[in-house]
Amino acid sequence: MRRALAGIALAVTSMVALSFLIPLALLVREQARDRVTTAAEQRASALSPVLALTTRRSDVQQAVAELDSHDRLAVRLPDGGFVGTPHAPREALDRAVRSRGTLAMDTAEGWVYLQPVVLPGDRVVVVEAYVPAADLTRGVWASWGVMSLLALGLVGGSVLVADRLGARVVRSSRSLKRASLALGSGDLDVRVEPDGPPELQDAGVAFNTMADRVVELLAIEREMVADLSHRLRTPLTALYLEADLMGPSPGARRITAAVSQLESELDSIITAARTPLAAGQGSGQAPVRPCEVAEVVAMRLDFWSVLAKQQNRICERSFTPRRTPVRFLEDDLAAVVDALIGNVFRHTPQGTGFAVRVERDDRHVVLTVDDAGPGVADPQAALTRGVSVGGAGSTGLGLDIVARAAQAADGHLEITRAPMGGARVRVSFGLV
């Protein structure tokens with residue numbers, strides 16, 4: 001934009017300067033010519049009264065010397081003789097005598113003015129005024145140079161002003177761009193100082209209003225999530241009471257353990273929902289400690305293996321002996337594992353086997369969950385948030401949550417057909 005404004009100013013100012021400079025230059029040249037030719041004509045006219053009184057050579061020479069000391073006046077006497085040095089062609093002198101009218105012409109050496117003077121006895125004297133070619137353009141080049149410098153100064157000044165205005169516009173637009181990128185990357189504290197043209201100032205004010213509204217909506221959303229999570233404590237308390245009434249049975253212990261795990265998850269949700277607001281609207285995040293993928297997967301698989309045994313599901317597991325550290329919260333990774341294994345239990349009949357493997361290469365850790373169920377008919381649709389491909393009881397958020405977690409850990413999610421006949425879900429995480 002800055003270059004475009006400077007280019008427009010250069011083009012427009014140059015055209016305006018040329019439209020005035022060219023006619024003015026021609027006018028200066030004509031005025032310089034008119035000045036010297038008018039002076040020559042006046043000198044010739046001043047000699048006419050003398051010739052009307054006398055045509056003696058000595059008198060005429062004296063008069064010519066008084067009027068011109070540069071040998072630019074000449075007189076052709078009635079007898080054909082000359083006083084001074086003539087510069088006009090003889091044909092022009094003869095024509096002036098015959099026509100008895102003034103005559104002006106350009107010659108190779110300059111400009112010549114012929115003025116006949118008719119004397120008594122039908123005699124004709126011709127006065128010649130001569131102007132050298134150098135005098136016709138004297139001062140013209142200097143005037144043209146001054147006008148050219150003024151035009152260049154005008155063009156340069158307009159380009160400079162346009163560049164400064166463009167710099168102001170660009171500075172304002174870049175500030176707005178940086179603030180937009182910062183807001184998009186999660187810096188909710190970023191604001192802009194409205195600057196530049198009125199339109200950009202309005203855009204800056206609108207951006208600040210939008211950012212304030214985003215912060216307000218996020219605060220409302222986080223509080224809503226925290227409130228909804230808190231409301232779940234009531235049914236959890238009821239489950240605790242039901243487990244106590246069941247007595248010290250294995251089922252009661254499993255229910256108590258599951259309820260404790262669910263309560264811990266709710267506490268994490270409430271803390272995560274309210275922490276960014278207390279920390280300055282998302283202005284910064286605490287560093288995430290690495291966790292071992294194989295350990296977390298093994299721990300969650302032990303939890304699900306109890307239910308798998310009750311439903312007669314064969315569970316195969318395979319873990320790499322190498323370390324599998326990823327920069328991911330352990331609770332978030334556990335939620336990813338629970339989402340993948342929970343899908344197997346929700347969307348396949350009882351007795352359907354599944355397999356869980358953890359592998360790694362030089363850059364990623366890969367978690368693979370296979371099952372022997374019906375599989376996923378449309379893997380692409382399964383990755384769409386809110387779109388359920390598992391029938392009733394599915395929110396369509398599980399695989400989307402897994403995909404977002406993988407993306408946050410520099411990995412990706414892939415759904416294909418498993419060798420067991422059902423679905424294969426592969427999730428990769430970037431190694432620390």
Side-chain angles (χ1 to χ4, degrees), residues 14-152 154:
S14 298
M15 289 188 291
V16 172
L18 288 175
S19 64
F20 283 96
L21 187 61
I22 293 175
L24 187 59
L26 296 176
L27 179 62
V28 167
R29 187 180 66 178
E30 291 300 324
Q31 285 184 340
R33 180 185 178 92
D34 291 343
R35 185 181 66 252
V36 295
T37 56
T38 301
E41 292 176 3
Q42 291 175 351
R43 288 195 301 269
S45 298
L47 192 59
S48 298
V50 177
L51 295 174
L53 297 176
T54 178
T55 57
R56 287 191 306 175
R57 181 177 296 272
S58 59
D59 295 337
V60 174
Q61 286 179 347
Q62 183 180 357
V64 169
E66 290 176 356
L67 291 175
D68 178 41
S69 60
H70 300 288
D71 195 24
R72 297 181 181 179
L73 275 179
V75 178
R76 178 180 175 177
L77 299 173
D79 58 2
F82 286 93
V83 174
T85 305
H87 296 85
R90 183 170 294 276
E91 299 82 12
L93 291 170
D94 294 340
R95 188 165 67 251
V97 172
R98 290 193 303 270
S99 64
R100 300 184 181 184
T102 59
L103 182 64
M105 67 178 64
D106 290 312
T107 64
E109 299 176 353
W111 180 81
V112 175
Y113 174 75
L114 301 177
Q115 180 175 336
V117 178
V118 181
L119 301 177
D122 200 24
R123 295 178 303 161
V124 178
V125 177
V126 180
V127 181
E128 175 189 301
Y130 166 71
V131 179
D135 289 355
L136 292 174
T137 57
R138 188 180 302 278
V140 172
W141 289 103
S143 300
W144 286 1
V146 172
M147 289 189 296
S148 299
L149 290 177
L150 291 176
L152 290 176
L154 176 63

Once the angle between the rings of W111 and Y113 is folded into 0 to 90°, is it parallel (under 30°), tilted (30 to 60°) or perpendicular (over 60°)? parallel

Sub-4.5 Å side-chain heavy-atom contact between Q62 and E66: yes

Under 3.5 Å donor-acceptor pairs involving side-chain atoms of residues 22-30, not counting sequence neighbours:
none

List the atom pairs, with distances to 0.1 Å, where a side-chain N or O of residues 114-131 and a protein N or O form a donor-acceptor pair under 3.5 Å, not counting sequence neighbours.
| residue | atom | partner | partner atom | Å |
| --- | --- | --- | --- | --- |
| Q115 | OE1 | S45 | OG | 3.4 |
| Q115 | NE2 | S48 | OG | 3.1 |
| D122 | OD1 | R100 | NH1 | 2.7 |
| D122 | OD1 | R100 | NH2 | 2.2 |
| D122 | OD2 | R100 | NH2 | 3.2 |
| R123 | NE | P120 | O | 3.2 |
| E128 | OE1 | H87 | N | 3.2 |
| E128 | OE1 | A88 | N | 3.1 |
| E128 | OE2 | H87 | N | 2.6 |
| Y130 | OH | E109 | O | 3.1 |

Which distance, rounded to the nearest 0.5 Å, do you find between the CD of Q31 and the CG of D34? 7.5 Å

Compare every heavy atom of T107 with every heavy atom of P89, then report the nearest pair and how far apart it is. CD-CG2, 4.4 Å

Return the minimal non-hydrogen interatomic distance between T55 and L77, and the atom names on each side. O-CD2, 3.9 Å

Nearest atoms (heavy-atom pairs only) where A63 meets V50: CB-CG1, 3.8 Å

With heavy-atom distances below 4.5 Å as the criterion, would you say the side chains of R43 and L73 are in contact? yes

What distance separates M147 CE from L154 CG, expressed to the nearest 0.5 Å? 14.0 Å

Side chain proximity check, L136 to V36, heavy atoms < 4.5 angstrom: yes

Shortest non-hydrogen separation from L103 to A92 and the atoms involved: CD2-O, 3.9 Å

Is there side-chain contact between F82 and L93, with at least one heavy-atom pair below 4.5 Å? yes

Could you check if a side-chain atom of D135 sits within less than 4.5 angstrom of a side-chain atom of R72, using non-hydrogen atoms only? yes

